[in-house]
Number of protein chains: 2
Amino acid sequence: MAEQTETVRRTPLSRERVLSAAVVLADVSGVEPLSMRKLAQELGVVPMALYKHVANKEELLDGMVDVIVGEVDTGAGGEDWKSTVRHRVLAARRILLRHPWARRVIESRTNKSPVVLEYMDAMIGMFRAGGFSVDLTHHVMHALGSRMWGFTQEVFDDSATAPAEIPPAMLHAMAEKYPHVMAIAMRADHDDESVVGQGCDDQFEFEFALDLLLDGFERLHEQGWTSRRRPAQR
Amino acid sequence: MAEQTETVRRTPLSRERVLSAAVVLADVSGVEPLSMRKLAQELGVVPMALYKHVANKEELLDGMVDVIVGEVDTGAGGEDWKSTVRHRVLAARRILLRHPWARRVIESRTNKSPVVLEYMDAMIGMFRAGGFSVDLTHHVMHALGSRMWGFTQEVFDDSATAPAEIPPAMLHAMAEKYPHVMAIAMRADHDDESVVGQGCDDQFEFEFALDLLLDGFERLHEQGWTSRRRPAQR
DNA sequence: ACCTGAACACCGTTCAAGT
DNA sequence: ACCTGAACACCGTTCAAGT
């Protein structure tokens, strides 16, 4: 019996095994319910055994981010800086969409791991290779923000306001209180055949904003922008 | 003695008192350590007493966001849609900077409260009043994202990589591994007198990105953009 | 030296027992 | 009917006792 238990735990615990098990667990049921204790149980190990491979839960989360960032396809650039950046960001997005919890965790990390620094360094390098000044690149990276990881905080979630099971009386009341929100949720455009409550195409929204930013960056670069002048003042 | 205790609790508990106490507590020591139990203690009340005014901790957080959003100065618009939006966003930012925890909490909310819906409705209305189509406004709101609340996730935090107490040997090693990150952290521009590690001006970065977006929105609007065509394709 | 069970100091929330 | 103490089912992590 004790022997069989030994057999089950054949593969010894390692940082990698801990991290990938954590990623799988988060993929399956989210990060919030992910606990050191549950992770240990999943690995058939006593909770304290984890602390041999990660100092604490914070470091576990750091490691999980590294796993995800490591999955991003860094091959296949483009011809110019713009398509290179675009490709990398969309490659990151593909990974992030597979690990929805990663968005929140990446945002909560304060210490940048070597893996994360390397990713950012590469992205900065793309702008520099495109001839961007250190100055402009700096601001451009800030403007890009979390979009460089392929995600945005969807703070405008009209799918929640969308039709579904909402009773007509309530819809009517909402349309009176929040006419603009409802107009968008309903996509009721006068000069167009209205498609009611079709939800959002997140990928389209992401690329819309990404391209808007990249176009803006390009314009500033071409104008030889420096931080002496503000973008609003041309 | 029992009488005095009564006297101390003079003002009866109310939803408002619970929420504002929670906001104060979060301002002082952050949201993470904020617990129902500590909040109750702060109010001189048994933990369960809170549940008379908020259904659970989620609803407490919802309410806290409402308090913050309610603080945003909604007066004083501008002449055109652009300056109106700009003013509102920067007004929101002023409030958010006073409640640093609110950023994270706003992002974590999935249910939009009436207060939040009203804020978004007003913002959508600003674009609509500026002549924006429902279609364009929809995408523009997505592109604005959390920036409509006056904050961005500062995922590119070079203050962490900045000088401070980092030993020169380590700085040198980092400059070899992450040359681009360090170049930006050091602000070492060749064709300019280099100012070493001055940290970031968050307000400048915020306005830089905000204006970049607003300029982009304006351009699309003037071009009569519709979602049939993608922004990258002009 | 390594490993780990029990313990500590917390949580949010339920529930039954008190008034 | 209202209020609340105790309890439940969890946490992350420390630590001392076992091997």
Side-chain angles (χ1 to χ4, degrees), chain A residues 1-19 21-26 28-65 101 104-105 108-111, chain B residues 1-19 21-26 28-65 101 104-105 108-111:
Chain A
M1 191 59 184
E3 219 174 301
Q4 208 196 1
T5 313
E6 264 304 300
T7 315
V8 170
R9 299 188 194 163
R10 196 91 222 112
T11 37
L13 214 54
S14 69
R15 194 177 148 87
E16 272 173 37
R17 238 163 69 73
V18 168
L19 294 182
V23 166
V24 169
L25 215 57
V28 171
S29 31
V31 221
E32 300 87 17
L34 172 67
S35 70
M36 297 297 274
R37 288 163 123 107
K38 278 187 201 158
L39 177 57
Q41 194 180 20
E42 194 74 13
L43 287 160
V45 135
V46 92
M48 283 308 100
L50 299 177
Y51 288 80
K52 201 111 292 167
H53 302 96
V54 285
N56 47 41
K57 198 183 181 182
E58 286 290 289
E59 202 184 288
L60 175 76
L61 293 170
D62 284 339
M64 291 169 70
V65 169
W101 53 269
R104 182 165 305 285
V105 178
S108 68
R109 297 303 84 197
T110 48
N111 284 331
Chain B
M1 188 61 182
E3 221 174 299
Q4 207 195 0
T5 313
E6 263 305 298
T7 314
V8 170
R9 298 188 193 161
R10 195 91 222 111
T11 37
L13 214 53
S14 69
R15 196 182 148 86
E16 272 174 36
R17 238 163 69 73
V18 168
L19 294 183
V23 166
V24 170
L25 216 57
V28 172
S29 30
V31 222
E32 301 88 16
L34 172 66
S35 69
M36 297 297 274
R37 288 162 122 106
K38 279 187 201 158
L39 178 57
Q41 195 180 19
E42 195 72 14
L43 287 160
V45 136
V46 94
M48 282 309 98
L50 299 177
Y51 288 80
K52 200 112 292 167
H53 303 96
V54 285
N56 46 40
K57 198 181 181 183
E58 286 291 288
E59 201 183 290
L60 175 74
L61 293 170
D62 284 340
M64 290 169 71
V65 169
W101 52 269
R104 182 164 305 285
V105 178
S108 68
R109 298 303 85 197
T110 48
N111 284 331

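Atom set for the values below is all heavy atoms of this structure, side chains included, hydrogens, waters and symmetry mates excluded. Please read all numbers here as calculations on a predicted model, not as lab measurements.
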Tell me, do [X] and [Y] make a side-chain contact under 4.5 Å, heavy atoms counted?
| X | Y | value |
| --- | --- | --- |
| A:Val31 | A:Leu61 | yes |
| A:Leu34 | A:Met64 | yes |
| B:Met36 | B:Pro47 | no |

Could you tell me whether the phosphate oxygens of D:dC3, OP1 or OP2, come under 4.0 Å of any side-chain nitrogen or oxygen in B:Lys52?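 Result: yes.
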Each base of DNA chain C marked ( ) or [ ] if paired in-strand (Watson-Crick or G-U under 3.5 Å), | if paired to another strand and . if unpaired gives ||.|||||...|||||.||
Q: Give a yes or no answer on whether the side chain of B:Lys38 reaches the backbone of B:Pro33 with a donor-acceptor pair at less than 3.5 Å.
A: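 Yes; at least one donor-acceptor contact below 3.5 Å.
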**Item:** A:His53 side chain to A:Leu13 backbone, donor-acceptor under 3.5 Å
**Value:**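 Yes.
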Q.
To check you understand the geometry: which heavy-atom pair defines the closest contact between B:Arg17 and B:Pro12, and what is its length?
A.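 Heavy-atom minimum between the residues: NE-O, 3.3 Å.
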- For B:Arg15, salt bridge (Lys or Arg N to Asp or Glu O under 4.0 Å) partners two or more places apart: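 If we apply the salt bridge (Lys or Arg N to Asp or Glu O under 4.0 Å) test to B:Arg15, skipping adjacent residues, the hits are B:Glu59.
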A:Leu50: which of A:Leu60, A:Asn56, A:Leu43 passes side-chain contact (heavy atoms from CB on, under 4.5 Å):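 Considering A:Leu60, A:Asn56, A:Leu43, a side-chain contact (heavy atoms from CB on, under 4.5 Å) with A:Leu50 is found only for A:Leu43.
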For the pair made of [atom1] in [X] and [atom2] in [N], what is the distance, rounded to whole Å?
| X | N | atom1 | atom2 | value |
| --- | --- | --- | --- | --- |
| A:His53 | C:dT4 | NE2 | P | 11 Å |
| B:Leu13 | D:dC2 | CG | C1' | 14 Å |
| A:Glu32 | D:dC10 | CD | C1' | 16 Å |

Each nucleotide of nucleotides 12-18 of chain C classed B (base within 4.0 Å of a protein heavy atom), S (only sugar-phosphate) or -, in 5' to 3' order, makes BBB----
Note to self: Taking the P atom in each of D:dG18 and C:dC8, what is the distance between them to the nearest angstrom?
What the structure shows: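 Taking atom P in both D:dG18 and C:dC8, they lie 16 Å apart.
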